[in-house]
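One structure is given here, and the rest of the page talks about it.
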2 protein chains.
Amino acid sequence: MSEPRANLPRPAPAPSVSIAAVARHANVSVATVSRVLNGQQVVKPATRDAVMAAVQTLGYRVNEMARNLRTAESRLLLVLVPDVGNPFYAEIMRGIDSVARQHGYLVVLCDTGADVEREHTWFDLLRRRRADGAICLDPDTVQHALAHDNAHLAWVACAEFDPAMAVPYVGIDNRLAARDAVQHLLERGHRRIGLINTDETWLYARQRKQGWHDALTEAGITPRADWCINTHSLDYAAGNAAMTQLLALAAPPTAVFAVSDTLAIGALAGARSLGKRIPHDVAVVGFDDIALAAQTDPPLTTVAQPMRQLGETAVQLLLDLLADRGRPPAHVLLPHRLALRASA
Amino acid sequence: MSEPRANLPRPAPAPSVSIAAVARHANVSVATVSRVLNGQQVVKPATRDAVMAAVQTLGYRVNEMARNLRTAESRLLLVLVPDVGNPFYAEIMRGIDSVARQHGYLVVLCDTGADVEREHTWFDLLRRRRADGAICLDPDTVQHALAHDNAHLAWVACAEFDPAMAVPYVGIDNRLAARDAVQHLLERGHRRIGLINTDETWLYARQRKQGWHDALTEAGITPRADWCINTHSLDYAAGNAAMTQLLALAAPPTAVFAVSDTLAIGALAGARSLGKRIPHDVAVVGFDDIALAAQTDPPLTTVAQPMRQLGETAVQLLLDLLADRGRPPAHVLLPHRLALRASA
DNA sequence: TAGTCGAATGTAAACGATTACATTTTTGTA
DNA sequence: TACAAAAATGTAATCGTTTACATTCGACTA
């Protein structure tokens with residue numbers, strides 16, 4: 001379509017051109033070719049040109065497997081994610097991917113299902129030199145189980161982290177963020193505030209529950225146990241079911257804080273299917289600020305995490321670690337923000 | 001937590017144990033160790049045990065970079081996706097990932113933004129032996145631009161494909177599927193049926209438009225040009241805007257077919273913000289059947305694609321190609337299905 | 001013009017596996 | 001017991017780079 005390129009002389013398909021072939025063709029040694037390719041300054045311009053010409057006509061491309069063997073790095077990074085379908089992780093992935101690629105690394109997305117066994121097999125890739133390092137987003141319980149056998153491997157924690165662990169991490173202050181969210185509901189006059197929480201194998205779940213608890217007790221309210229539902233997944237259906245359960249209480253909450261936008265969006269659907277209007281009958285606040293949160297009916301008020309930046313920082317920490325294995329683990333806390341919309 | 005492992009004797013951290021070290025330790029040659037590790041039958045059980053014991057005590061793990069150089073395969077597959085945030089692709093990825101891993105391959109997710117230049121840089125990874133093959137989900141226009149320079153590389157098309165191209169592919173019959181969707185609306189009595197289509201650089205967009213056209217003309221209706229909106233992206237906001245535009249017509253459609261669930265869900269939001277009720281004021285049918293489609297208000301009627309199976313089949317085709325580069329390109333068409341819900 | 005010293009280039013040894021091919025051991029048979 | 005054949009193991013080349021070290025080339029000085 002764009003432009004005819006039929007008569008452009010193309011290099012032959014050339015199934016396998018080695019650096020030796022280039023050297024022969026340019027009448028130099030392989031060392032010189034390598035130096036040119038790696039941009040070393042010691043090469044005379046004339047030879048450099050000759051080499052580049054040979055590269056061009058032969059259609060040479062470096063064999064990265066060979067290079068990697070020699071330099072002892074695979075330039076592959078693992079990202080261990082409990083659920084690749086969750087949009088929260090998708091956005092973090094974007095941040096990871098962009099920074100990684102800037103530094104010449106490829107990223108492999110690993111679906112762990114938050115399972116220790118599967119995590120172990122993924123970590124094994126590091127031992128087999130298949131990858132140089134890993135970014136782990138799995139529950140802290142899983143991370144603890146891993147830490148023992150994998151202390152000498154290069155990995156960092158992202159979004160989910162235990163400050164007590166000797167591993168670099170980046171995340172937000174979950175307890176404070178949750179407290180902010182619930183306080184916002186309190187300011188709007190709500191007194192009965194439910195919590196849709198997820199599996200408490202997650203440290204962030206325990207922390208956010210704490211924040212919910214903090215805000216309520218500070219307001220002189222005693223949190224009731226039946227205001228709090230723990231789901232076993234983060235999908236829309238789980239949020240839907242949890243909301244249904246909350247609204248079936250004798251004195252149902254007038255507001256609900258969900259620890260994830262996917263749960264919150266499911267909760268919206270659940271409330272609606274019972275004929276409730278939002279935020280009139282029940283207000284909802286989510287957590288994460290995924291793209292979809294602005295498109296729901298009504299748009300979702302939520303705690304915004306800097307997802308992209310979480311990913312970017314995680315890679316940075318990992319590359320720092322790779323560059324200097326001796327340094328003490330770095331810790332980064334990023335700021336959160338309340339995204340005010342119509343659902344609360 | 002689970003069980004104390006403190007007193008289990010663990011292999012030393014052992015930063016870099018080579019096959020030679022194992023051979024020395026077991027009093028055999030490297031060849032024998034290699035044979036044991038690769039499960040060859042010629043090894044005497046006694047020696048096998050000795051080798052395995054050495055492997056155990058030394059904590060040896062094969063260095064896959066070295067193995068890959070020798071065997072001339074990287075065991076890495078590329079998946080070229082125009083937009084990793086789109087849940088449709090996320091589900092396909094799952095299918096790809098599971099089959100790939102079953103065969104010992106890792107998968108790298110590549111965000112191309114449907115851009116030819118970026119595609120080219122990704123394909124370059126194949127030339128540099130960084131990856132063995134690729135699965136491309138980009139627009140057929142992009143694929144055509146690629147086909148010329150990359151004919152000798154191993155890649156297949158998935159979901160988006162041009163039957164005329166000499167590349168293996170898997171997908172569905174888009175034209176027929178769209179026709180089915182619109183026919184369903186016709187059966188419900190609709191006569192003015194709008195189309196929210198995406199950028200027609202996509203062949204599937206042109207095909208689905210054809211299907212919409214087919215169904216209408218078969219019913220004796222002349223499709224009007226202003227019933228058809230082309231968006232420039234697939235996100236929720238684009239669907240929202242398109243619906244707003246359609247409902248502003250003098251005689252607005254009573255039903256809308258969107259070529260993607262994300263567009264359809266955005267369209268739901270757009271209709272609602274104008275005070276329209278669905279399906280009473282305007283019916284909506286989507287395409288793909290992503291997980292979210294069942295959780296919208298009302299749940300979305302949509303054309304279900306076998307996303308997971310699309311991914312699984314794509315890998316299968318690619319591995320077949322890798323195994324035998326001579327064979328003619330295989331073509332697979334998978335069945336679609338209408339998922340009937342409340343939005344139409 | 002010989003000698004010195006950088007700069008430019010070449011030689012060859014890694015990296016850590018796989019695998020023809022050669023060699024040794026074992027087994028079976030006469 | 002000796003010998004052939006089969007089974008088990010060993011030796012060393014190879015994959016395609018990078019890079020320490022050795023060598024050659026030129027320009028400049030005395």
Side-chain angles (χ1 to χ4, degrees), chain A residues 14-52 54-55 58-76 104 124-132, chain B residues 14-52 54-55 58-76 104 124-132:
Chain A
S16 195
V17 185
S18 76
I19 201 175
V22 175
R24 255 191 315 274
H25 193 276
N27 259 314
V28 295
S29 73
V30 290
T32 301
V33 177
S34 177
R35 281 190 274 255
V36 170
L37 264 39
N38 295 315
Q40 303 206 19
Q41 298 306 332
V42 286
V43 189
K44 205 191 323 192
T47 26
R48 171 189 306 275
D49 293 348
V51 169
M52 291 311 270
V55 166
L58 264 44
Y60 169 80
R61 290 289 190 297
V62 70
N63 181 327
E64 297 204 24
M65 287 190 307
R67 168 184 292 177
N68 289 343
L69 170 59
R70 175 60 223 230
T71 60
E73 49 180 20
S74 65
R75 299 235 141 212
L76 221 58
D124 225 40
L125 292 178
L126 296 183
R127 291 204 191 73
R128 287 182 276 153
R129 309 294 154 111
R130 198 69 216 284
D132 293 340
Chain B
S16 194
V17 185
S18 76
I19 200 174
V22 176
R24 254 190 317 272
H25 194 276
N27 260 314
V28 296
S29 73
V30 291
T32 300
V33 178
S34 177
R35 281 190 273 255
V36 170
L37 262 38
N38 294 313
Q40 303 206 18
Q41 298 305 332
V42 286
V43 190
K44 206 198 309 199
T47 25
R48 169 188 308 274
D49 293 347
V51 170
M52 291 310 269
V55 166
L58 263 43
Y60 170 79
R61 289 288 190 297
V62 70
N63 180 327
E64 298 204 24
M65 289 190 306
R67 168 184 292 175
N68 289 343
L69 170 60
R70 177 59 224 231
T71 59
E73 50 180 21
S74 65
R75 298 236 141 212
L76 222 57
D124 225 39
L125 292 177
L126 296 183
R127 290 204 192 74
R128 286 182 275 151
R129 310 293 155 109
R130 197 71 217 283
D132 293 340

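By convention in this document, chain letters (A, B, ...) are assigned in the order of the sequence lines, proteins followed by strands, and residues within each chain are numbered from 1.
Evaluation of the side chain to side chain donor-acceptor pair (under 3.5 Å) rule for Arg128(A) yields Glu64(B) as partners, not counting sequence neighbours. Checked against salt bridge (Lys or Arg N to Asp or Glu O under 4.0 Å), Glu73(B) has the following partners two or more places apart in sequence or in another chain: Arg75(B). For the side-chain contact (heavy atoms from CB on, under 4.5 Å) test, residues two or more places apart in sequence or in another chain that qualify with Ala26(A) are Val28(A), Val51(A), Ala54(A). In this view, Asp49(A) satisfies the salt bridge (Lys or Arg N to Asp or Glu O under 4.0 Å) rule with no residue, not counting sequence neighbours. Annotation: salt bridge (Lys or Arg N to Asp or Glu O under 4.0 Å) contacts of Arg61(A) (sequence neighbours excluded): Asp124(B). Annotation: salt bridge (Lys or Arg N to Asp or Glu O under 4.0 Å) contacts of Arg67(A) (sequence neighbours excluded): none. Evaluation of the side-chain contact (heavy atoms from CB on, under 4.5 Å) rule for Val43(A) yields Thr32(A), Arg35(A), Val36(A), Thr47(A), Arg48(A) as partners, not counting sequence neighbours. Under the side-chain contact (heavy atoms from CB on, under 4.5 Å) criterion, Leu126(B) pairs with Leu78(B), Phe123(B), Ala131(B), Ala134(B), Leu153(B), not counting sequence neighbours. Qualifying side-chain contact (heavy atoms from CB on, under 4.5 Å) partners for Ala21(B), counting only residues two or more places apart in sequence or in other chains: Val17(B), Ser18(B), Arg24(B), Leu58(B).
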Provide a list of protein-nucleic acid N or O atom pairs under 3.5 angstrom, restricted to nucleotides 16-18 of chain D.
residue: dT17(D); atom: OP1; partner: Tyr60(A); partner atom: OH; Å: 2.7
residue: dT17(D); atom: OP1; partner: Asn63(A); partner atom: N; Å: 3.4
residue: dT17(D); atom: OP2; partner: Ile19(A); partner atom: N; Å: 2.6
residue: dT17(D); atom: O5'; partner: Tyr60(A); partner atom: OH; Å: 3.1
residue: dT18(D); atom: OP1; partner: Asn38(A); partner atom: ND2; Å: 3.4
residue: dT18(D); atom: OP1; partner: Arg67(A); partner atom: NE; Å: 2.9
residue: dT18(D); atom: OP1; partner: Arg67(A); partner atom: NH2; Å: 3.2
residue: dT18(D); atom: OP2; partner: Ser34(A); partner atom: OG; Å: 2.6
residue: dT18(D); atom: O2; partner: Arg70(A); partner atom: NH1; Å: 2.4

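Here Thr47(B) reaches the OP1 or OP2 of dT9(D): one of its side-chain N or O atoms lies under 4.0 Å away.
In this structure, the CD atom of Glu73(B) is 16 Å from the C1' atom of dT14(D), given to the nearest Å. Counting to the nearest Å, the P atom of dT9(D) and the CD atom of Gln40(B) are 12 Å from each other.
Distance check: Arg127(A) CZ to Asn63(B) CG gives 14.5 Å after rounding to the nearest 0.5 Å.
Where the helix from dT1(C)-dA30(D) to dA30(C)-dT1(D) starts and where it ends, the local axes point in directions that differ by 60°; five pairs per end, rounded to 10°.
A nucleotide of DNA chain C counts as in contact with chain A when one of its atoms lies under 4.0 Å from a heavy atom; the first and last such, 5' to 3', are dA8(C) to dG16(C).
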